[in-house]
Novice: 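Let me begin by handing over the structure; questions about it come next.
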Amino acid sequence: LRVFPQATAGTLMHYDYDSETKTFSMDFISNSAIAAPTEIAVPRSIFPGGYQYSVTGATKWHAEIDDVTNSLKIFVNDSNAHVVVNLISK
């Protein structure tokens, strides 16, 4: 199992998951015309104690942790923002 972007509301530029340090990062160029969020699959077995996330590069955004689908959903309302998302274990 690994952490990975399931959907990107824009253009995915890069992502990386380091299984040794249990860190994930991705960056994308946002497209506010896409109503659906960027979704990152976050298997519970990877972060059994939970995780922290940060989102930079966008001024208008919010995030939701979906415990049913084990995903992090990020909604960005800025267009053409270079958004960087990082996840680390708690």
Side-chain angles (χ1 to χ4, degrees):
L1 291 175
R2 62 187 170 87
V3 181
F4 66 95
Q6 290 181 297
T8 305
T11 303
L12 179 63
M13 304 302 288
H14 177 263
Y15 80 94
D16 182 60
Y17 172 66
D18 185 326
S19 60
E20 200 168 298
T21 61
K22 294 189 178 180
T23 57
F24 170 84
S25 64
M26 76 176 283
D27 63 298
F28 65 98
I29 305 300
S30 64
N31 181 344
S32 62
I34 300 172
T38 292
E39 288 192 50
I40 302 169
V42 187
R44 285 182 201 207
S45 60
I46 293 177
F47 297 114
Y51 60 92
Q52 298 175 325
Y53 64 88
S54 65
V55 178
T56 58
T59 57
K60 298 181 230 169
W61 66 274
H62 74 276
E64 299 173 1
I65 295 174
D66 188 330
D67 291 327
V68 174
T69 62
N70 295 320
S71 64
L72 174 64
K73 297 179 180 183
I74 302 166
F75 299 81
V76 176
N77 294 327
D78 297 330
S79 230
N80 295 317
H82 185 178
V83 181
V84 178
V85 181
N86 290 293
L87 275 74
I88 59 169
S89 183
K90 278 189 178 178

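Small disclaimer: the values here were computed from a predicted structure and weren't measured.
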Novice: How long is the straight-line distance from OG of Ser79 back to CD1 of Ile34, given to the nearest 0.5 Å?
Specialist: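 Reported to 0.5 Å precision, the distance equals 8.5 Å.
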Novice: Membership question, hydrophobic clusters at under 4.5 Å side-chain separation (ILVMFWY): are Leu87 and Met13 in the same one?
Specialist: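 The answer is no; the residues belong to distinct hydrophobic clusters.
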Novice: Which label fits His62 and Phe75: parallel for a plane angle under 30°, tilted from 30 to 60°, or perpendicular past 60°?
Specialist: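 Answer is parallel, since the angle falls under 30°.
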Novice: Atom CD in Glu39, atom NZ in Lys73: separation rounded to 0.5 Å?
Specialist: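 Glu39 atom CD to Lys73 atom NZ measures 4.5 Å (nearest 0.5 Å).
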Novice: Please report the C-alpha distance between Thr8 and Met26 in whole Å, then the side-chain angles of each, then the deciding distance to 0.1 Å, and finally whether the side-chain contact (heavy atoms from CB on, under 4.5 Å) criterion is met.
Specialist: CA-CA 10 Å; Thr8 305; Met26 76 176 283; 4.0 Å; yes
Novice: Taking the side chain as every heavy atom from C-beta outward, state whether Asn86 and Ser54 have any atom pair closer than 4.5 Å.
Specialist: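 Touching, per the 4.5 Å side-chain cut-off.
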Novice: In Å, rounded to the nearest 0.5 Å, how long is the span from CZ of Phe47 to OH of Tyr53?
Specialist: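 Between Phe47 CZ and Tyr53 OH, I get 13.5 Å after rounding to 0.5 Å.
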Novice: Any side-chain heavy atom of Lys22 within less than 4.5 Å of one from Val3?
Specialist: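 SC-SC contact between Lys22 and Val3 ruled out.
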Novice: Rounded to the nearest 0.5 Å, what's the gap from CG on Leu72 to CD1 on Ile40? Could you check?
Specialist: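 Here the interatomic distance stands at 5.0 Å.
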Novice: State yes or no: do Val85 and Leu12 share one hydrophobic cluster built from I, L, V, M, F, W and Y residues joined by side-chain heavy-atom distances below 4.5 Å, directly or via other members?
Specialist: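 Yes; tracing contacts between hydrophobic side chains, which count when under 4.5 Å, links both residues.
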Novice: Side-chain heavy atoms nearer than 4.5 Å, only ILVMFWY residues, links allowed to pass through others: does that put Ile29 and Val55 together?
Specialist: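 No, separate clusters.
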Novice: Applying a strict under-4.5 Å side-chain criterion to I, L, V, M, F, W and Y, I'd like to know whether Phe28 and Val84 cluster together.
Specialist: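 The answer is no; the residues belong to distinct hydrophobic clusters.
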Novice: Under a 3.5 Å cutoff, is there a donor and acceptor pairing between the side chains of Asp78 and Ser30?
Specialist: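 The answer is no; no qualifying pair exists.
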Novice: Once rounded to the nearest 0.5 Å, what's the spacing between atom OH of Tyr51 and atom OG1 of Thr23?
Specialist: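 Interatomic distance, Tyr51 OH to Thr23 OG1, rounded to 0.5 Å: 14.5 Å.
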Novice: Taking the side chain as every heavy atom from C-beta outward, state whether Thr38 and Val76 have any pair of such atoms under 4.5 Å apart.
Specialist: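 No - every pair of side-chain heavy atoms lies 4.5 Å or more apart.
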Novice: Write down the atom of Pro48, the atom of Ser45, and the distance for their closest heavy-atom approach.
Specialist: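 That closest heavy-atom pairing would be CD-O, 3.6 Å.
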Novice: Is there a donor-acceptor pair closer than 3.5 Å between any side-chain N or O of Arg44 and the backbone N or O of Asp67?
Specialist: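 Yes.
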Novice: Quick check on the hydrophobic clustering: are Ile65 and Tyr17 connected, directly or via other members, by side-chain heavy-atom contacts under 4.5 Å?
Specialist: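 Shared cluster, yes.
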Novice: What's the spacing between Phe4 CZ and Ser71 OG if we round to 0.5 Å?
Specialist: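 Answer rounded to 0.5 Å: 10.0 Å.
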